[in-house]
Asker: 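The structure that follows is given in the form of C-alpha cells.
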Amino acid sequence: MKACIIPGSFDPFTLGHLDIVRRASKLFDKVYVAILVNSAKHGKFDFAQRKRIAELSCAELSNVEVLTADGLLVDLCRALSVKMIVKGVRNDRDFSYEFDMAEMNRKLAPEIETVFMPCSPEFACVSSTFARDLMKYEKDLRGIIHPDAIEYIYSLS
C-alpha cells in the first residue's frame, strides 16, 4: 500500500489544504492528514476542534484519515510505516521553509522522502492566518473554508 502523510498545524484546515489532500488522495492508497504541534504557533482552535474541521472538510475522501499527534513527524511516519511526506507550497517563502524542514527530516530519517506539491492557483492567497483574520473581524469564510467546516466553526461561538 502506498501511503503518505500531509502534516501541518491546520489552524484551521482551509480549502487550500483540501486541494493538496484531494490531489494526493488520487496518487496514494492512503493519506494521513496529521495535525501536529508547532511550537512557533499559538493555535486558535484546540486539537480536537482542528481535527473535526479537517474531518468535515475531507469527509468525501474515503482514503483519507485525519489524526493528531505530538512529537516528531518522522517518528509518526515510522509508527505508521509511511515513507512519504507531502507538503503543499504556495510560494517561494513556503518552499524555503519546507525545504529546510525536509532536510532536517532527511537527517533524522533518510528512508523518508518529502515531496512538494504546488498549490492550485486559486488557493495561492489562502492561508490559515488569513482565515483566522477573517474570523476575528466576523467576515465571510466562503471560498476559504469548506462549507461543512464553516457551520461547525460558527457553532463554536
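The structure displayed is predicted, hence computed values, not measured ones.
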Asker: Answer with yes or no whether the hydrophobic clustering places F45 together with I6; edges join I, L, V, M, F, W, Y residues whose side-chain heavy atoms lie under 4.5 Å apart.
Answerer: yes
Asker: What's the verdict on side chain to side chain contact (heavy atoms under 4.5 Å, CB included) for V89 and M117, showing C-alpha distance, side-chain angles and the deciding distance?
Answerer: CA-CA 6 Å; V89 293; M117 186 178 288; over 6 Å; no
Asker: Out of V21, V31, I35, which residue meets the side chain to side chain contact (heavy atoms under 4.5 Å, CB included) rule with V66?
Answerer: I35
Asker: Using the rule that two of Ile, Leu, Val, Met, Phe, Trp, Tyr join whenever any of their side-chain heavy atoms come within less than 4.5 Å, decide whether M1 and F28 are in one cluster.
Answerer: no
Asker: First locate atom OG1 of T114, then atom NZ of K83, and finally report the distance between them rounded to the nearest 0.5 Å.
Answerer: 13.0 Å
Asker: Nearest 0.5 Å, please: how far is CD1 in I150 from CG in L134?
Answerer: 10.0 Å
Asker: Which is it for R23 and S120 under the side chain to side chain contact (heavy atoms under 4.5 Å, CB included) test, yes or no, and what are the steps along the way?
Answerer: CA-CA 10 Å; R23 290 164 52 207; S120 296; 3.5 Å; yes
Asker: Mark yes or no for whether S96, through its side chain, and D92, through its backbone, hold a donor-acceptor pair below 3.5 Å.
Answerer: no
Asker: Please determine if K30 forms a cation-pi arrangement with Y32, meaning its NZ or CZ atom is less than 6.0 Å from the six-membered ring centre and no more than 45° off the ring axis.
Answerer: yes
Asker: Indicate yes or no: at least one non-hydrogen side-chain atom of M135 is less than 4.5 angstrom from one of P12.
Answerer: yes
Asker: Could you tell me which non-hydrogen atom of A34 sits nearest to which non-hydrogen atom of I5, and how far apart they are?
Answerer: CB-CG2, 3.8 Å
Asker: Is it possible for you to say whether I153 and V33 belong to one hydrophobic cluster, with membership spreading through side-chain heavy-atom contacts below 4.5 Å?
Answerer: yes
Asker: Could you go step by step and tell me if M84 and V115 meet the side chain to side chain contact (heavy atoms under 4.5 Å, CB included) rule?
Answerer: CA-CA 7 Å; M84 186 72 63; V115 173; 3.0 Å; yes
Asker: Is it true that a side-chain atom of N63 and a backbone atom of S25 form a donor plus acceptor pair closer than 3.5 Å?
Answerer: yes
Asker: Given the rule in the side chain to side chain contact (heavy atoms under 4.5 Å, CB included) test, do L36 and L76 qualify, once you have shown the distances and angles that lead to the verdict?
Answerer: CA-CA 10 Å; L36 302 166; L76 179 60; 4.1 Å; yes
Asker: Do F99 and M104 sit in the same hydrophobic cluster, where Ile, Leu, Val, Met, Phe, Trp and Tyr count as joined when their side-chain heavy atoms come under 4.5 Å apart?
Answerer: no
Asker: Contact between L72 and L108 at the side-chain level, heavy atoms closer than 4.5 Å - yes or no?
Answerer: yes
Asker: Would a 4.5 Å heavy-atom cut-off, applied to side chains only, mark L15 and I145 as touching?
Answerer: no
Asker: F10 and V37: same hydrophobic cluster, using ILVMFWY side-chain contacts below 4.5 Å?
Answerer: yes
Asker: Quick one: CG on L18 to NE2 on H146, what's the gap to the nearest 0.5 Å?
Answerer: 6.5 Å
Asker: Out of curiosity, Y137 OH to D133 CG, how far, rounded to the nearest 0.5 Å?
Answerer: 7.0 Å
Asker: Would you say that more than 12 heavy atoms from the other residues, nucleotides or ligands in this model lie under 6.0 Å from the CG of D140, or not?
Answerer: yes
Asker: Is T68 reaching over with its side chain to a backbone N or O of F47, donor-acceptor style, under 3.5 angstrom?
Answerer: no
Asker: For the pair R90 (side chain) and V126 (backbone), establish whether a donor and an acceptor sit closer than 3.5 Å, ignoring hydrogens and angles.
Answerer: yes
Asker: Got a salt bridge between K107 and E103, using NZ or NE/NH1/NH2 to carboxylate O under 4.0 Å?
Answerer: no
Asker: Within a radius of less than 6.0 Å around CZ of R142, do more than 12 heavy atoms belonging to other residues, nucleotides or ligands occur?
Answerer: no
Asker: Do C4 and I85 come close enough that some side-chain heavy atom pair is under 4.5 Å?
Answerer: no
Asker: Could you measure the distance from the CG atom of L61 to the NZ atom of K26? Nearest 0.5 Å is fine.
Answerer: 9.0 Å
Asker: Specify the closest pair of heavy atoms between P7 and K87, including all atoms of both residues, with the distance to one decimal.
Answerer: O-NZ, 3.1 Å
Asker: Going by heavy atoms in the side chains, are R50 and F13 under 4.5 Å from each other?
Answerer: no
Asker: Indicate the atoms forming the closest heavy-atom contact of L80 with L67, along with that distance.
Answerer: CD1-CD2, 4.0 Å
Asker: To check you understand the geometry: which heavy-atom pair defines the closest contact between A131 and L141, and what is its length?
Answerer: O-CD2, 3.8 Å
Asker: Should we count OH of Y97 as having more than 12 external heavy atoms under 6.0 Å?
Answerer: no
Asker: I'd like to know if the side chain of S127 reaches the main chain of F130, judged simply by a donor and an acceptor atom lying under 3.5 Å from each other, with no hydrogens or angles considered.
Answerer: yes
Asker: Give a yes or no answer on whether the side chain of D29 reaches the backbone of K2 with a donor-acceptor pair at less than 3.5 Å.
Answerer: yes
Asker: Tell me whether E111 at atom CD has more than 12 heavy atoms from other residues, nucleotides or ligands lying less than 6.0 Å away.
Answerer: yes
Asker: What are the two closest non-hydrogen atoms of I20 and C119, and how far apart are they?
Answerer: CD1-CA, 4.1 Å
Asker: So, does D11 use its side chain to make a donor-acceptor pair with the main chain of K44 at under 3.5 Å?
Answerer: yes
Asker: Nearest 0.5 Å, what's the OG-NE2 distance between S9 and H17?
Answerer: 7.0 Å
